[in-house]
Amino acid sequence: MASQESASLLKRLAGPSSGKAGLAKDQTEINRIIAEASKGSKFYEARLLNKHNEKRKDKELTERINKLLKAREEALRNVDISKIELNVDRIVVELESQRDLSQTIVHVDMDAFYANVELLHNPDLKDKPFAVGYGVLTTASYEARKYGCRSGMASHIAKKLCPELILVPNNFSRYSEMSSRIMDIFSRYDPNMCPAGADEAYLNITEYCAQHDISPDDCVQEMRKAVFDDTKLTVSAGIAPNKVTRDLVKLICSDRNKPNGQFRLEFESKAIFEFMKDLSIRKVPGIGRVSERLLDSIGVKTCGDIFVQRAVISLLDKQFGLGLRSLLQTGLGIASNVVAPHQREERKSIGVERTFHTISDKEKLFEKLKEISEELEKDMSEGGWAGSTVTLKYKLDTYQVFTRAKSSTRWITKKEDLLAIGKELLVPELPLSLRLIGLRVTSLKDLRLSDSVGIKRVGAFW
DNA sequence: AGATGAAGGACCC
DNA sequence: GGCCAGGGTCCTTCACGG
């Protein structure tokens with residue numbers, strides 16, 4: 001039991017960068033270097049000091065799993081499994097009958113976007129291992145990926161993996177400028193296209209293909225060429241009857257990490273199911289480390305396992321937050337095929353946060369808060385937003401994060417107000433040694449809208 | 001009893 | 001040389017005024 005516990009704690013400490021596929025360097029070698037480099041880092045030390053918290057979280061998860069297993073045992077007693085499976089199968093039939101294969105949905109994803117934009121500005125970087133970002137990598141060039149460097153990885157660890165790694169600072173204005181150029185091109189193929197971040201988008205090209213009497217494959221080929229001709233940036237794409245995640249696109253169309261390609265999923269239930277079957281459950285959007293372990297505990301590792309364990313999932317439906325139907329849809333590869341642009345009124349919050357070298361001095365912390373208030377005021381006025389709740393976020397030098405919020409009856413827009421409320425929230429907490437401060441405003445009001453109440457729309461992915 | 005606010009987390013790009 | 005970001009969304013749990 002004790003060793004099991006520590007194994008799971010290790011897994012937690014290993015962080016998100018483990019378990020991904022490697023390339024030129026052997027993965028076990030990469031893991032070794034990462035583990036070794038992590039040991040010396042402040043982050044790791046802080047987490048060790050912070051073991052209490054880590055252990056607590058880990059224990060809670062373990063408890064949740066034990067509870068789940070117990071509930072399963074309980075539920076499985078005196079129950080006719082095949083009968084339950086039959087019930088689930090009825091749902092499957094129903095879901096299957098509702099499957100809509102009439103739309104052609106494309107997921108486009110710029111290849112190593114930030115890195116390639118930087119490359120355009122500095123051709124010297126060509127064929128060199130480089131990465132964008134400082135503290136953590138935002139993107140790694142393909143050359144750098146061969147050494148195991150990935151986005152989200154701490155830069156000092158990346159340096160260990162690849163000592164020649166060149167680090168380039170983020171140039172967000174560059175990326176967003178390039179992004180809108182690319183999105184404009186996508187819009188020609190679907191005016192209702194939905195951007196998903198700066199470097200990817202969902203499109204419904206059904207109309208376009210019909211009007212231009214062109215096959216989806218050719219259409220996407222043409223679109224990718226249009227982007228390349230205009231920007232010299234390459235884009236990968238996945239074509240399916242409904243939305244498919246970037247992970248899937250990468251997985252299928254790219255033989256692992258080969259960019260600049262496209263792939264069309266066979267528009268046929270059986271083929272889609274075959275494809276989903278061996279896919280790790282972790283690739284499903286919304287399933288992160290925690291849910292992965294929860295599912296793993298009842299024997300669900302792949303999307304196909306959802307069906308193997310359908311009786312148990314059905315019995316435990318409530319306890320587990322993930323919902324039987326949506327899991328079945330996942331397993332069947334059924335997702336939404338509605339592509340619509342984001343609505344302004346869907347915006348829920350706006351915030352700014354900054355990391356810095358640890359500060360304990362009160363006045364210096366106020367100074368940071370002031371800078372953040374100014375940035376936030378700028379973002380809010382540019383976006384045309386006011387808000388009534390202000391949330392202060394701070395991270396200790398031990399990496400523990402806290403938030404403190406205050407709602408007001410007025411609409412906040414000005415930096416003076418932001419600063420005042422920020423201070424008000426921060427002062428009772430002092431003294432503190434902080435490495436991050438942030439402010440976020442919620443309960444927004446759209447200043448560009450007269451004062452109508454927007455119609456809410458739901459944008460479920462699956 | 002159900003809303004609502006606050007705090008903490010999981011997840012995503 | 002740099003030493004684990006910063007923009008979000010959504011969900012759960014707890015407490016409490018009217």
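Lettering follows sequence order; numbering is per chain, from 1. Being a predicted model, the structure only gives us computed values, none of them experimental.
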Item to check | Donor-acceptor under 3.5 Å (Ser155(A) side chain, Tyr134(A) main chain) | outcome: yes
Checklist entry - Taking the side chain from Asp109(A) and the backbone from Glu200(A), do they hold a donor-acceptor pair closer than 3.5 Å? => result no
Next on the checklist: Taking the C1' atom in each of dC11(B) and dC3(C), what is the distance between them to the nearest angstrom?
Outcome noted: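 After rounding to an integer number of Å, I get 25 Å for this pair.
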Next on the checklist: Taking dC12(B) as the reference, what is the distance to dC4(C) when you measure between their P atoms (whole Å, please)?
Outcome noted: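 The answer is 23 Å between these two P atoms.
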Checklist entry - Which of residues 180-198 of chain A have a heavy atom under 4.0 Å from DNA chain B? => result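 Within residues 180-198 of chain A, the residues near DNA chain B are Ala196(A).
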Item to check | Sub-4.0 Å heavy-atom contacts from residues 404-422 of chain A onto DNA chain B, ordered by number | outcome: Arg404(A), Ala405(A), Lys406(A), Ser407(A)
Item to check | Contact nearer the 5' end of DNA chain C, comparing Ser349(A) with Val136(A) | outcome: Val136(A)
Checklist entry - Where along residues 430-441 of chain A does a heavy atom fall under 4.0 Å from DNA chain C? => result Arg435(A), Leu436(A), Arg440(A)
Checklist entry - So which of residues 372-394 of chain A are in contact with DNA chain C, with a heavy-atom cut-off of under 4.0 Å? => result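 Output list: empty, so none.
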Checklist entry - Going by an N to O cut-off under 4.0 Å, is there a salt bridge joining Glu382(A) and Lys378(A)? => result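 Counted as a salt bridge, because a side-chain N and a carboxylate O are separated by less than 4.0 Å.
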Checklist entry - Between Arg354(A) and Glu375(A), is the closest basic N to carboxylate O distance under 4.0 Å? => result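 Yes.
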Checklist entry - Could you go step by step and tell me if Val390(A) and Lys406(A) meet the side chain to side chain contact (heavy atoms under 4.5 Å, CB included) rule? => result CA-CA 6 Å; Val390(A) 178; Lys406(A) 182 168 192 269; 5.7 Å; no
Next on the checklist: Could you tell me if Lys232(A) sits above the aromatic ring of Phe228(A), with its cationic atom closer than 6.0 Å to the ring centre and no more than 45 degrees from the axis?
Outcome noted: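 Yes, Lys232(A) lies over the aromatic ring of Phe228(A).
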When you measure from the side chain of [X], which nucleotide among [options] comes out closest?
X: Ile157(A); options: dC4(C), dA7(B), dG7(C); value: dC4(C)
X: Leu167(A); options: dA5(C), dG2(C), dA7(B); value: dG2(C)
X: Ala154(A); options: dA10(B), dC4(C), dC13(B); value: dC4(C)
X: Arg282(A); options: dC13(B), dA7(B), dC12(B); value: dC12(B)

With a 4.5 Å heavy-atom cut-off, do [X] and [Y] have their side chains touching?
X: Pro241(A); Y: Ile272(A); answer: yes
X: Leu119(A); Y: Phe130(A); answer: yes
X: Leu294(A); Y: Ile65(A); answer: yes
X: Thr413(A); Y: Leu447(A); answer: yes
X: Tyr394(A); Y: Arg404(A); answer: yes
X: Lys415(A); Y: Glu374(A); answer: yes
X: Leu419(A); Y: Glu416(A); answer: no
X: Ile437(A); Y: Phe366(A); answer: no

Would you kindly give the [atom1]-to-[atom2] distance between [X] and [N], to the nearest whole Å?
X: Arg150(A); N: dA5(C); atom1: CZ; atom2: C1'; answer: 18 Å
X: Arg293(A); N: dA10(B); atom1: CZ; atom2: C1'; answer: 14 Å
X: Gln343(A); N: dT9(C); atom1: CD; atom2: P; answer: 15 Å
X: Leu137(A); N: dC4(C); atom1: CG; atom2: P; answer: 12 Å
X: Asp111(A); N: dC13(B); atom1: CG; atom2: P; answer: 16 Å
X: Asp199(A); N: dG6(C); atom1: CG; atom2: C1'; answer: 15 Å
X: Glu346(A); N: dC10(C); atom1: CD; atom2: C1'; answer: 13 Å
X: Leu294(A); N: dA10(B); atom1: CG; atom2: P; answer: 12 Å

Indicate whether OP1 or OP2 belonging to [N] is found under 4.0 Å from a side-chain N or O atom of [X].
X: Thr138(A); N: dG6(C); result: no
X: Ser291(A); N: dC11(B); result: yes
X: Lys348(A); N: dC10(C); result: yes
X: His357(A); N: dC3(C); result: yes
X: Tyr399(A); N: dC4(C); result: yes
X: Ser155(A); N: dC3(C); result: no

Next on the checklist: For a quick check, with a 4.0 angstrom heavy-atom cut-off, what is the B/S/- contact string for nucleotides 13-18 of chain C, read 5' to 3'?
Outcome noted: ------
Next on the checklist: At 4.0 Å (heavy atoms only), tell me whether Val352(A) reaches a base, stays on the sugar-phosphate, or touches nothing.
Outcome noted: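 Touches sugar-phosphate only.
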Checklist entry - What is the nucleic acid contact for Gly133(A), judged by heavy atoms within less than 4.0 Å: base, sugar-phosphate only, or nothing? => result nothing
Checklist entry - Do the side-chain N and O atoms of Ser388(A) and Ser407(A) include a donor-acceptor pair separated by under 3.5 angstrom? => result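 Side chains of Ser388(A) and Ser407(A): no pair found under 3.5 Å.
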Item to check | Donor-acceptor side-chain pairing of Asp111(A) and Ser236(A) below 3.5 angstrom | outcome: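 Ser236(A) and Asp111(A) do have a side-chain donor-acceptor pair below 3.5 Å.
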Checklist entry - Can you name the residues that form a ring pair (Phe, Tyr, Trp, His ring centres under 6.0 Å) with Phe113(A), not counting sequence neighbours? => result none
Checklist entry - Which of parallel (below 30°), tilted (30 to 60°) and perpendicular (above 60°) describes Tyr175(A) and Tyr114(A)? => result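 Parallel.
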